[in-house]
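Here is the structure we will look at, set down as structure tokens.
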There are 2 protein chains.
Amino acid sequence: MLRTLTLTSKDNKKIQEERIREYFIQATKKIIKGEGLKTVNVRNIADEAGYSYATLYNYFKDIKELVFECVKDFQFECEETVNLETKNSRHGLSKIKNITISFMKYFVQYPGIFELFYLEKTSDLGHKHPTIKMIYSFLDQLTEEEWKYCIENKICNQTEAEQKKETLRNLTVGILLFYMNRHTPSSYKEFVAITDRQLNAALY
Amino acid sequence: MLRTLTLTSKDNKKIQEERIREYFIQATKKIIKGEGLKTVNVRNIADEAGYSYATLYNYFKDIKELVFECVKDFQFECEETVNLETKNSRHGLSKIKNITISFMKYFVQYPGIFELFYLEKTSDLGHKHPTIKMIYSFLDQLTEEEWKYCIENKICNQTEAEQKKETLRNLTVGILLFYMNRHTPSSYKEFVAITDRQLNAALY
DNA sequence: TTAATTATATTAACAATGTTAATATAATTA
DNA sequence: TAATTATATTAACATTGTTAATATAATTAA
């Protein structure tokens, strides 16, 4: 009986702790999506979460850990957006292209999320942290089904598919990096044109 | 006579001012190549340059302006390295590939320079600042002659060349970004393998 | 040549941010 | 209810970029 009570008490503690962590995570997400990563700091986050800034350190090792906790949620949101935008595409390379464009547009809409995924230093976050791998393979994950479709329907073979996945991964962040961080090209229109050209060259 | 003296005096002032700017630039370059961009700060730079930190603001608007002053020199150094490493390559796509690999290896050797070129926020540095454009077209510049050769020798046409240049620009920074900033892949060996595969797919 | 002026450099100070230490408050347990 | 533990807050400190106030050096004018 006492043992049961102790366990329940521990469970409650975990749940409550997780709730407060979540308040901080939601606050951080709001700031990243709104004002961007540059205005994320412990005091702003704590204000938004309704706590003092030092409280944050009872729940997260440091601000970096907190910030990278947001990745999962953003990926989920991005995936939803992409699925919605591409659900009517016909299967195959064409859908892969549309998914990739939709994926890129998500980051253009939220520059702070782009910075978090690709530019933010990982610091103490271990280099083999699951989040890092999740970011790397995120586009693969979004297009997984379609590649399967392509291979099954002999549109391409496994090796070609792997090579093209790799190209898409690198090409997309390259284009985004120049556009978002170096303002090249200078117009959105041109960015879309480059993206289209480059995806065609990579996929077909 | 008086007018001549005045002009000479003005010229001397310019020269002296430029010399001191150069001391700060050399100091900054040394830190970026050595300890990296993360340890670049006004106090470190001033120590290295032999001045007080506030003196820096007599010669540069802010630390960002100073840091981006280093780009030109690093590009020059990178170009020299690349030319040396590829001078015996046979002309054409093969040499373009080798130049690109050499270019990428330069950034792997100096992560701080990679950060400066592609990751560092430009802030007050105007978005149409010449440096930004220089960074964007740097690989084009390194490969310019070889593309000319390819077009003259009907290895590819102008349009194809432009598209492939664009691919190389984006692909290289994408691969470098994942490797340097997200430690993916985790080994240099694998990084080289990916680079080779991707350049082959892009060029041939 | 010396006094006044201008240019240049330095120290002091401030603001922003991340983090930790000391203290206060709330919750839990004996 | 008192003691203990857990949680939150305020105070404090370190680092960094930047500006203001002050000192020093160089130049110019008498």
Side-chain angles (χ1 to χ4, degrees), chain A residues 1-24 27-28 31-32 35-69 115 120-125, chain B residues 1-24 27-28 31-32 35-69 115 120-125:
Chain A
M1 190 54 173
L2 187 128
R3 189 152 158 265
T4 307
L5 275 170
T6 306
L7 275 176
T8 305
S9 168
K10 261 192 191 168
D11 285 353
N12 282 344
K13 205 184 142 191
K14 266 276 170 65
I15 288 167
Q16 287 160 18
E17 201 175 301
E18 191 47 52
R19 258 204 277 267
I20 296 179
R21 277 177 63 94
E22 203 54 39
Y23 296 146
F24 280 110
T28 308
I31 299 170
I32 292 174
E35 313 198 55
L37 200 58
K38 65 192 166 308
T39 68
V40 167
N41 66 61
V42 285
R43 284 162 179 84
N44 283 350
I45 293 170
D47 274 0
E48 182 71 38
Y51 285 94
S52 169
Y53 53 85
T55 305
L56 193 151
Y57 291 91
N58 293 331
Y59 297 92
F60 302 91
K61 179 172 155 294
D62 54 31
I63 193 175
K64 283 287 167 69
E65 188 194 313
L66 168 51
V67 151
F68 277 101
E69 279 292 314
E115 285 180 48
E120 182 76 346
K121 296 284 168 308
T122 48
S123 282
D124 290 322
L125 205 76
Chain B
M1 188 56 170
L2 186 127
R3 188 149 161 266
T4 306
L5 275 171
T6 306
L7 274 176
T8 305
S9 170
K10 262 191 192 169
D11 285 355
N12 281 343
K13 205 183 144 192
K14 267 274 171 66
I15 287 167
Q16 286 160 19
E17 201 174 301
E18 191 47 52
R19 258 204 276 268
I20 295 179
R21 277 177 63 93
E22 203 54 39
Y23 296 147
F24 280 109
T28 308
I31 299 170
I32 292 175
E35 312 197 57
L37 200 59
K38 65 192 167 306
T39 68
V40 167
N41 66 61
V42 285
R43 284 161 179 86
N44 282 351
I45 293 170
D47 274 1
E48 182 70 38
Y51 284 94
S52 169
Y53 52 87
T55 305
L56 193 151
Y57 291 91
N58 293 331
Y59 298 92
F60 302 91
K61 179 172 155 293
D62 56 29
I63 192 174
K64 283 287 167 69
E65 188 193 314
L66 168 51
V67 151
F68 275 102
E69 279 291 314
E115 284 180 49
E120 183 76 347
K121 296 283 167 308
T122 49
S123 281
D124 291 319
L125 204 77

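Here is the naming used below: chain letters follow the sequence lines, and residue numbers restart at 1 for every chain. These values consider heavy atoms only, across backbone and side chains, with no hydrogens, waters or symmetry-generated copies.
Judged as a side-chain hydrogen bond (donor to acceptor under 3.5 Å, both in side chains), not a single pair has a partner in residues 50-60 of chain B (not counting sequence neighbours).
Residue Phe60(A) contributes atom CZ, which lies 16 Å from atom C1' of dG18(C) at whole-angstrom precision. Taking atom CD on Glu17(A) and atom C1' on dT7(D), their separation rounds to 11 Å, with Å as the unit. At whole-Å resolution of the value, CG in Asn58(A) and P in dT10(D) are 14 Å apart. Rounded to whole Å, atom P of dA8(D) lies 11 Å from atom OH of Tyr23(A). Straight-line distance from the CD1 atom of Ile45(A) to the P atom of dA16(C): 17 Å, rounded to whole Å. The distance from atom CD of Gln16(A) to atom P of dA6(D) is 13 Å, rounded to the nearest whole Å. Here the P atom of nucleotide dA6(D) and the CD1 atom of Ile15(A) are 18 Å apart, to the nearest Å. One can place OH of Tyr51(B) at 13 Å from C1' of dA7(C), the figure rounded to the nearest angstrom.
Phosphate contact (OP1/OP2 of dT10(C), side-chain N/O of Thr55(B), threshold under 4.0 Å): present.
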How does protein reach along nucleotides 13-21 of chain D, written 5' to 3' as B (base within reach of a heavy atom under 4.0 Å), S (only sugar-phosphate), or - (no contact)?
---BBBBB-
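Pairing analysis of DNA chain C (Watson-Crick: purine N1 to pyrimidine N3 plus N6-O4 or O6-N4; G-U wobble: N1-O2 and O6-N3; both under 3.5 Å) yields stems of 3 or more pairs at C:1-30 with D:1-30.
Listed by chain and residue number, Lys30(B) satisfy the salt bridge (charged side-chain N to carboxylate O under 4.0 Å, His left out) test with Glu48(B) (two or more places apart in sequence, or in another chain). When the side-chain hydrogen bond (donor to acceptor under 3.5 Å, both in side chains) test is applied to Glu65(A), no partner is found at least two apart in sequence or on another chain. Residues passing the salt bridge (charged side-chain N to carboxylate O under 4.0 Å, His left out) test with Lys121(B), sequence neighbours excluded: Glu115(A).
Nearest heavy atoms, Thr39(B) versus Asn44(B): O-ND2, 2.7 Å. The two residues Leu66(A) and Phe60(A) come nearest to each other via the heavy atoms CD1-CZ, 3.6 Å.
Partner of Ile31(B) under the side-chain contact (heavy atoms from CB on, under 4.5 Å) criterion, out of Asp47(B), Val67(B), Leu37(B), Ile45(B): Ile45(B) alone.
A salt bridge between Glu22(A) and Arg19(A) is absent, with no side-chain N of the basic residue lying under 4.0 Å from a carboxylate O of the acidic one.
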Intermediate values then yes/no, side-chain contact (heavy atoms from CB on, under 4.5 Å), Thr28(A) and Ile63(A)
CA-CA 10 Å; Thr28(A) 308; Ile63(A) 193 175; over 6 Å; no
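Residue contacts shown for Tyr59(A) are limited to sugar-phosphate atoms, with no base heavy atom under 4.0 Å away. Counting non-hydrogen atoms under 4.0 angstrom, Ile20(A) reaches the backbone sugars and phosphates but no base.
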